[in-house]
Amino acid sequence: MRPFAASPNASAPAEDFANDVEYYLGLEPRQLPSRYLYDPLGSVLFDAIGELPWYGITRAEVGLLEQYGRDILAHAALFPGFPGVPGPSRIVELGPGNGTKLLTLLKTRHDGSAEAGHYGRREARASRLKVHLIDVSGKALDVAGRALDELGDIEVERHETTYESGLSEVAGKPPAGGRTLVLFLGSNIGNFDRPGAEEFLCTIRAALQPGDTLLLGADLVKPEADLLLAYDDPLGVTAAFNLNLLVRINRELGGDFDLQAFAHQAVWNAAASRVEMHLVSRRRQRVRVASARIDMEMEKGETIWTESSYKYQPEELATLLGHTGFRPIERWVAAEARFALTLARAD
Ligand code: AVI
């Protein structure tokens, strides 16, 4: 299994967790897959990271969705009235988080006048848009689903499963005559290594029909000082998010990690274009994790690599999409935060 190739919001039953911990801690250098950062406390800490002044991804993305949401929906041609779109359409979101991003996008449906835009309030209301939320966390699905209920005219279907099997569920029931827009936001693509990102975009493409669209949110390369502040914030929230993985292993797998004996570290690896999160051993120590059959010695300064967050150049995103069966049709960039939303059509 390739490190960091899996989706960041996936989790696994206890046995898979134990097997992964055994396998990845045994690698050189030691690693843990970033998807395990998202237990209930980790998810709350991640939401808090989104509020930090030094972490711009969430704010930049919501700002772009507010500003360009109507254009995005128009390009995605989700409503009857567009040539070739006679039926109801749908939006599929992979990892909806607390639902804010989709809610922001959908609220722009009624922005501006009917004459100024590509479709009017009447068309938007006439077709009841269906939304599919895919996440392994039932709790996340409930929170996001409740946020969307606020709109009143959206039908929400929850898929409590991995991205891959959720996509195959929705691929099996394409909308009659309508279009599909897939949202893969929050720079979740950045938590895949490059081959993993390509593979996963191919999986998304395989679930779509030609003419359907994908909205991809990705963080861009920016100055190292900004990246290090974003991933090692002065309030220590990201450190808590990282260290919580050891708390989770202690609780769920009978580990004896001493939290005081590990420090959070963020490193910008320019050659690989990624920020790496590590947990650094503060001293020589022995660690046991009963259910994962781990009994290991760690040297002072030795690290456990817990996450990679790849940063892109805008042209690289276009190339990646082009290689995976998509044609980029529009890109919106938050200039200050260096974050891009790219809309691409399935060929
Ligand atoms: C979810 N993912 C895109 C976040 C990121 O930026 O890689 C997770 C994160 N890790 C540290 N801070 C936030």
Side-chain angles (χ1 to χ4, degrees), residues 3-4 6-12 14 16-55 57-58 97 136-137 139-140 186-188 190-191 227-269 274-292 294-309:
F4 307 115
S7 65
N9 80 336
S11 73
D16 291 353
F17 185 27
N19 290 339
D20 280 348
V21 168
E22 180 180 20
Y23 173 76
Y24 284 98
L25 280 182
L27 293 180
E28 176 60 46
R30 299 188 197 280
Q31 299 170 34
L32 287 168
S34 60
R35 61 183 176 277
Y36 293 114
L37 291 163
Y38 300 87
D39 68 347
L41 178 55
S43 300
V44 169
L45 289 168
F46 176 64
D47 281 347
I49 288 172
E51 301 292 328
L52 294 173
W54 308 279
Y55 187 85
I57 292 181
T58 317
V136 286
S137 159
K139 189 168 168 242
S187 203
N188 283 331
N191 296 131
L227 287 166
L228 294 182
L229 266 177
Y231 287 85
D232 191 3
D233 64 90
L235 283 176
V237 181
T238 312
F241 174 65
N242 197 8
L243 283 159
N244 178 54
L245 186 48
L246 303 184
V247 178
R248 179 177 186 181
I249 291 173
N250 285 352
R251 186 184 60 243
E252 295 183 23
L253 301 179
D256 68 356
F257 279 105
D258 173 2
L259 293 204
Q260 310 293 339
F262 285 89
H264 166 70
Q265 185 188 49
V267 177
W268 170 239
N269 181 333
R274 67 183 180 222
V275 177
E276 297 170 5
M277 287 206 314
H278 294 264
L279 291 163
V280 188
S281 177
R282 292 181 190 270
R283 54 173 163 79
R284 190 160 202 275
Q285 58 183 310
R286 184 171 176 192
V287 178
R288 277 157 288 219
V289 184
S291 307
I294 295 276
D295 185 345
M296 64 182 186
E297 293 283 348
M298 286 193 74
E299 297 301 326
K300 182 175 179 182
E302 191 179 350
T303 80
I304 302 173
W305 180 10
T306 51
E307 185 190 68
S308 290
S309 203

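What's counted below: heavy atoms across the whole structure, side chains too, no hydrogens, waters or symmetry copies.
Contact of the Met298 side chain with the Met296 side chain is registered, since non-hydrogen atoms from C-beta on lie closer than 4.5 Å. At least one side-chain heavy atom of Phe262 sits under 4.5 Å from a side-chain heavy atom of Ile304. Using a 4.5 Å heavy-atom cutoff, the side chains of Leu229 and Asp233 are not in contact. No side-chain heavy atom of Leu25 sits less than 4.5 Å from a side-chain heavy atom of Gln31. Between Trp305 and Tyr24, every side-chain heavy-atom pair lies at or beyond the 4.5 Å cut-off. Counting heavy atoms from C-beta outward, Leu245 and Tyr36 have side chains that approach closer than 4.5 Å. With contacts defined as side-chain heavy-atom distances shorter than 4.5 Å, the pair Val247/Leu41 does not qualify. Taking 4.5 Å as the limit, every side-chain heavy atom of Arg30 sits out of range of all side-chain heavy atoms of Thr303.
To the nearest 0.5 Å, atom CD of residue Gln265 and atom NE2 of residue His278 are 6.0 Å apart. Note that NE2 of His264 and CG of Leu243 are 8.0 Å apart. Values are rounded to the nearest 0.5 Å. In this structure, OG in Ser309 is found 5.5 Å from CD1 in Ile57, a value given to the nearest 0.5 Å. Atom-to-atom distance recorded for Glu276:CD and Ser308:OG is 5.5 Å, nearest 0.5 angstrom. The structure places CD1 of Ile49 at 4.0 Å from OG1 of Thr238, a figure rounded to the nearest 0.5 Å. Here the CH2 atom belonging to Trp268 is positioned 9.5 Å from the OH atom belonging to Tyr231, to the nearest 0.5 angstrom.
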Quiz item: Could you walk me through whether Val287 and Gln285 pass the side chain to side chain contact (heavy atoms under 4.5 Å, CB included) check?
Solution: CA-CA 7 Å; Val287 178; Gln285 58 183 310; 4.2 Å; yes
Quiz item: Taking it one step at a time, do Arg35 and Val136 satisfy side chain to side chain contact (heavy atoms under 4.5 Å, CB included)?
Solution: CA-CA 11 Å; Arg35 61 183 176 277; Val136 286; over 6 Å; no
Quiz item: Hey, mind stepping through Glu297 and Arg284 against side chain to side chain contact (heavy atoms under 4.5 Å, CB included) and telling me if it holds?
Solution: CA-CA 7 Å; Glu297 293 283 348; Arg284 190 160 202 275; 4.0 Å; yes
Quiz prompt | ring pair (Phe, Tyr, Trp, His ring centres under 6.0 Å) between Phe241 and Tyr38, intermediate numbers included | solution = CA-CA 9 Å; Phe241 174 65; Tyr38 300 87; 5.5 Å; yes
Practice problem: Would you check, one step at a time, whether the test salt bridge (Lys or Arg N to Asp or Glu O under 4.0 Å) holds for Arg283 with Asp258? | Solution: CA-CA 11 Å; Arg283 54 173 163 79; Asp258 173 2; 2.8 Å; yes
Quiz item: Going through the distances and angles, do Asn242 and Thr306 end up as a side-chain hydrogen bond (donor to acceptor under 3.5 Å, both in side chains)?
Solution: CA-CA 7 Å; Asn242 197 8; Thr306 51; 2.8 Å; yes
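With respect to Arg286 and Asp256, no salt bridge is recorded, no charged nitrogen being found less than 4.0 Å from a carboxylate O. Contact check on Glu302 versus Lys300 returns no salt bridge, with no Lys/Arg side-chain nitrogen under 4.0 Å from an Asp/Glu carboxylate oxygen. Between Lys139 and Asp39 there is no salt bridge, since no side-chain nitrogen of the basic residue lies less than 4.0 Å from a carboxylate oxygen of the acidic one.
Closest approach of Ala48 to Val237, counting heavy atoms only: CB-CG1, 4.0 Å. Contact between Asp20 and Pro33 at its shortest, heavy atoms only, is CB-CG, 4.5 Å. Between Ala266 and Leu228 the shortest heavy-atom distance is O-CD2, 3.6 Å. The two residues Asn191 and Ser34 have their closest heavy-atom pair at CB-OG, 4.4 Å. Scanning all heavy atoms of the two residues, the minimum distance from Ala18 to Ala292 falls at O-CB, 3.6 Å.
With Phe17 as the aromatic partner, Arg248 meets the cation-pi criteria of under 6.0 angstrom to the ring centre and within 45 degrees of the ring axis.
Each of Asn244, Val289, Ile294 was scored for a side chain to side chain contact (heavy atoms under 4.5 Å, CB included) with Ile249, with one residue passing: Val289.
Within a 6.0 Å radius of CD in Gln260, other residues, nucleotides and ligands contribute 12 heavy atoms or fewer.
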